[in-house]
K.L.:
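There's a structure below that I have some questions on.
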Amino acid sequence: MSTNYDVLLEQAEAITADEPDLIANLSNLSALVYHHLADVNWVGFYLVRAPELLVLGPFQGKVACLRIPFSRGVCGAAARTRQTQLVYDVHEFSDHIACDAASNSELVVPIVVAGKVVAVFDLDSPSVGRFSQVDADGLSRLGRYIEQLNWQQLC
Ligand code: SME
């Protein structure tokens, strides 16, 4: 399943370039990625709203878990380690938090601004092994772009 990440990045820049509002941009980026990638059932952001706590932000997909401490789940692991988490089979990840029972693989990119984790970008798929290292690299590139948005609005 190959995704053209150069095109995705261009589109991400095109839809956010003239809009200063962070939440508006994160909302449209969720929709862009959800519809650009094949075989995904949830795409969105968890925002750091209190120390070591992720709270649900803009997303596409089914109703999801509201609050995830840094100590829990794949999202928490991304926030804690500041490393993109590529999970081939969520059922093999002991601490996985199942928001949607249909999810079988997951990719989470940490968003780090001025040395602080401000959010994670989370993607779920109903297929085991949906995400490759190419996806991890492409979405991490998108993450680096997202880090340049107006994150000071979140404070
Ligand atoms: N599975 C995630 C929780 C968020 S949902 O996938 C939307 C986790 O283990 O952190």
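The residues of the chain are indexed from 1 along the displayed sequence. In listed order, ligands and their atoms are each counted from 1.
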K.L.:
So which heavy atom on W42 is nearest to which on K62, and how close?
P.N.:
NE1-O, 3.0 Å
K.L.:
I need the nearest protein heavy-atom contact for atom 8 (C) of ligand 1: residue, atom name and distance, please.
P.N.:
V74 N, 3.3 Å
K.L.:
I'd like to know if the side chain of S27 reaches the main chain of P58, judged simply by a donor and an acceptor atom lying under 3.5 Å from each other, with no hydrogens or angles considered.
P.N.:
no
K.L.:
Donor-acceptor check, side chain of E147 to backbone of V112, threshold 3.5 angstrom: yes or no?
P.N.:
yes
K.L.:
Does R141 use its side chain to pair, donor to acceptor, with the backbone of D137 at less than 3.5 Å?
P.N.:
no
K.L.:
Is there a nitrogen or oxygen of E106 sitting under 3.5 Å from a nitrogen or oxygen of ligand 1?
P.N.:
yes
K.L.:
Would you mind reporting whether F70 and V48 have side-chain heavy atoms less than 4.5 Å apart?
P.N.:
yes
K.L.:
Quick one: look at F59 and ligand 1, take heavy-atom pairs under 4.0 Å, and tell me if it's side chain, backbone, both or neither.
P.N.:
neither
K.L.:
So is Y46 close enough to ligand 1, meaning a heavy atom under 4.0 angstrom away?
P.N.:
yes
K.L.:
Sub-3.5 Å donor-acceptor pair from the side chain of Q60 to the main-chain atoms of H35, do we have one?
P.N.:
no
K.L.:
Determine, stepwise, if the pair L22 / N25 fulfils side chain to side chain contact (heavy atoms under 4.5 Å, CB included).
P.N.:
CA-CA 5 Å; L22 177 68; N25 282 330; 5.6 Å; no
K.L.:
Only heavy atoms of H96, strictly under 4.0 Å: list the atoms of ligand 1 that pass.
P.N.:
1 (N), 9 (O)
K.L.:
Report the nearest protein non-hydrogen atom to atom 5 (S) of ligand 1: residue, atom name, distance rounded to 0.1 Å.
P.N.:
C99 SG, 3.2 Å
K.L.:
Against heavy atoms of W42, which atoms of ligand 1 measure under 4.0 Å?
P.N.:
7 (C)
K.L.:
Would you mind checking which non-hydrogen protein atom is closest to atom 9 (O) of ligand 1, with the distance to 0.1 Å?
P.N.:
I97 N, 2.8 Å
K.L.:
Report the nearest protein non-hydrogen atom to atom 10 (O) of ligand 1: residue, atom name, distance rounded to 0.1 Å.
P.N.:
C75 N, 2.8 Å
K.L.:
Using a strict cut-off of 4.0 Å, indicate which atoms of ligand 1 neighbour a heavy atom of D122.
P.N.:
4 (C), 5 (S), 6 (O), 7 (C)
K.L.:
Indicate the ring-plane relationship of H91 and H96, choosing parallel, tilted or perpendicular according to the 30° and 60° boundaries.
P.N.:
perpendicular
K.L.:
Taking the minimum heavy-atom distance to atom 6 (O) of ligand 1, which of V43, D124, I68 ranks first?
P.N.:
D124
